[in-house]
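Step one of this worksheet: look at the structure below.
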There are 2 protein chains.
Amino acid sequence: MALPSEKNYLSHIAFDSVIFGFSGQKLKILIMEYHNTGLYALPGGFVMHNEDLDLAVQRGLLERTGLDNIYLEQFHTFGNVERYKPEVMRNILQADGHAIDNDHWMLERFISVAYYALINSDKVETRPDQISDSLGWYNVEELPELILDHNTIVKTALKYLQLNLSIKPIGKNLLPNKFTMKELQQVHEAILGTPLRRTSFQRRMLGLDILERHEKRFNGKAHKAPYLYSFVE
Amino acid sequence: MALPSEKNYLSHIAFDSVIFGFSGQKLKILIMEYHNTGLYALPGGFVMHNEDLDLAVQRGLLERTGLDNIYLEQFHTFGNVERYKPEVMRNILQADGHAIDNDHWMLERFISVAYYALINSDKVETRPDQISDSLGWYNVEELPELILDHNTIVKTALKYLQLNLSIKPIGKNLLPNKFTMKELQQVHEAILGTPLRRTSFQRRMLGLDILERHEKRFNGKAHKAPYLYSFVE
DNA sequence: TTCCTATTGTCTCACTTCGTAACAATAATA
DNA sequence: TATTATTGTTACGAAGTGAGACAATAGGAA
C-alpha cells in the first residue's frame, strides 16, 4: 500500500477511534496490530483537505473495518507534547516496507481528535472475535500495551461513555434491534463496571418510556421466558 | 505586531476560548473586535511546536487578556470544511497592515480545538465591562455576529457548561471566594437559563456538603442579612 | 421605641424516586 | 404433576424534590 501523501492530508492533525462492541458479557474494543512490529494501536487516520473532520473519521472506520453508518461521538482532543514520538511512527512505516525521509510529514508532531464508536451486534454478526487480519477485539480490562498515549485515550473514552450512558442512546447502538432487559442491564453493567439491581433497573428503564415491548423470546431453558424490547424512535 | 511565523506554530491547528464571566445577574463572554474591520471573534491562537495544547490555550489567555491561572476546560473540536474562509483571515490581517502571500500558512484550513474558561469575579475586580481596547464583555444572549462558526462554538460551550454544572466546580470558578446563596443561585440560573426555586436550591446546595458558612454580609438593606459561603477545598 | 417591609433560613407536607425484599408467573424438565 | 431457574410486578421504608408556610431579622418609617 502506498503511503498517504502530504498533498492529500492536513498535516499535524490525526484522529483515533475507540470502537466499542458488546459481546454477551464484556465490553470490547477493536485494536490494530501493526505487522512485523508487535505494536498495538487504535485505528486512526488523517483528514483530507476538503473533508469534514467527522466524515474523515467515518471514512477511516469504513476503510479499516468495512463498517458503515456507525454511531460516532467525538469526546476529546489529545495534544500533549509527550505523545510526539517520531521513532514509533518510523518503525511502523519501515516495518511495512517504506523508506522514509527524516522530514517526512508523518514524522511530524500530531494532535489527535479522539472519537468513540458504538457497534451494534447486528452488524458484526455476533462474531466480535476477528474482523480482519490485523484487527482484533479485546476486553476493555485486558488491553495490551498500546503505542503513544492510546491507553490513556481508551480510559478517557470509557469515562465519557459512562458519562453519556444516561443521556445518549448508548444501549441502542450496542445491542441488536431486539433484546431482553437482562441484555440491556448487562450492557450498562459492563460500561459502568458495577453490578446493578435487577428490579430497580427494570423499573427505571420502563419508566423512561423509550422501550417498546415485543413478543417473548423462548430460549429452551426451564424458566419463564423474557420479553424482547426495542428502543422507540 | 509581527505576524506569527509558520516556523513557530503547528499549521492547520488553532484554538478558540469561550471565556465566561458572571456579573451580578448575567452570564457574559469575552469577545474580541478586530480593528478596522468591525469583525468580532472569540480570542484564540496557535500551538507552538514544543508546547502542550492545554498550555498553548493558557498562554493565549495570558497574552490576550492578562489573565493567569484560569480554570480551563476543553469541550469540542471543530473541523467542518465550511469553517474554512480564507478571505476572512485575509481581511483581518490586511486591515492590520500586513501584506499576505496567497500561500501564507494562516490562509490555510484550520481545525480548532475549543475551550471554555471560567473567570472568578475576584480577578476581574468586579469590572467585567472592558479589559482592553479590543476585548469586551457581552451578554451570552446578546452577542454580535461572530466570524466563521464562532457563534456555534459559543452555543456548544454553553451546552457543555450546563452539562458540567452539577459535576464540576463551575460556581466556584465564577464567583469570588465568599458569596451569598442568592449569588450562587443566580449563577446557576444564568447558566441554565431558567429560574430555580429558592428553598429547594438552598437545601440541595447545603446537602452537598461542599459549602462552608461564614459571617453574615450586611448590605445596608432593610431586611435580614444573608450568610456568606465559600467552597470547601 | 415600636412598627413595617423585604429578604433570608428553616420547616412541613405531599409526591416522586430508589434500594430492598417479597411474591407471583412461567417454560421446560424430571 | 412437581420442581427449578428466571422473569415481571408489587410493597414498603428511605431519601430527595416541589410548593407553600412560617419565623427571624436589618434597617427604615412612624
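In this structure, CZ of B:Phe179 is placed 15 Å from P of C:dT8, rounded to the nearest angstrom. As a whole-Å value, the separation of B:Tyr229 OH from C:dT8 P is 11 Å. Rounded to whole Å, atom C1' of C:dT8 lies 7 Å from atom CD of B:Gln202. Atom NZ in B:Lys221 sits roughly 14 Å away from atom C1' in C:dT8 (whole-Å rounding). In this structure, the NZ atom of A:Lys224 is 19 Å from the C1' atom of C:dT29, given to the nearest Å. Atoms CG (A:Leu208) and C1' (C:dT16) sit 14 Å apart, rounded to a whole Å. Atom CZ in B:Arg217 sits about 13 Å away from atom P in D:dG27, given to the nearest Å. Taking atom CG of A:Leu206 as the reference point, atom P of D:dT10 lies 11 Å away to the nearest angstrom.
Mapping B:Tyr227 and A:Ala225 onto DNA chain C by nearest heavy atom places B:Tyr227 at the nucleotide closer to the 5' end. Taking for each of A:Lys216 and A:Arg204 the nucleotide of DNA chain C with the nearest heavy atom, the 5'-most of the two is the partner of A:Arg204.
Here D:dT7 is the nucleotide among C:dA21, D:dT6, D:dT7 with the atom lying nearest to any side-chain atom of A:Pro226. Set against D:dA26, C:dA21, C:dG9, the side chain of A:Thr199 has C:dA21 as its closest nucleotide.
Listed pair A:Ser200 / C:dG19 meets the phosphate criterion, a side-chain N or O lying under 4.0 Å from OP1 or OP2. Side-chain nitrogen and oxygen atoms of A:Lys182 include at least one within less than 4.0 Å of the OP1 or OP2 phosphate oxygen of D:dT7.
A:Asn151 contributes a side-chain N or O that, together with a main-chain N or O of A:Leu146, makes up a donor-acceptor pair within less than 3.5 Å. A donor-acceptor pair under 3.5 Å is absent between the side-chain atoms of A:Asp16 and the main chain of A:Ala114, judged by distance alone. The backbone N or O of A:Leu175 lies less than 3.5 Å from a partner atom in the side chain of A:Asn120, making a donor-acceptor pair.
Nucleic acid contact for B:Thr180: none, since no nucleic acid atom lies under 4.0 Å from a heavy atom of the residue. Nucleic acid contact class of B:Arg198 (heavy atoms, under 4.0 Å, all strands): base. Residue contacts shown for B:Arg213 are limited to sugar-phosphate atoms, with no base heavy atom under 4.0 Å away. B:Gly220 comes within contact range of the sugar-phosphate backbone alone, with a heavy-atom separation under 4.0 Å but no base atom that close.
On a pure distance criterion of 3.5 Å, a polar donor-acceptor pair joins the side chain of B:Arg203 and the base of D:dG18.
In this structure, B:Phe179 has its ring center closer than 6.0 angstrom to the ring center of B:Phe231.
Using a 4.0 Å cut-off between charged nitrogen and carboxylate oxygen, B:Lys178 and B:Glu183 do not count as a salt-bridge pair.
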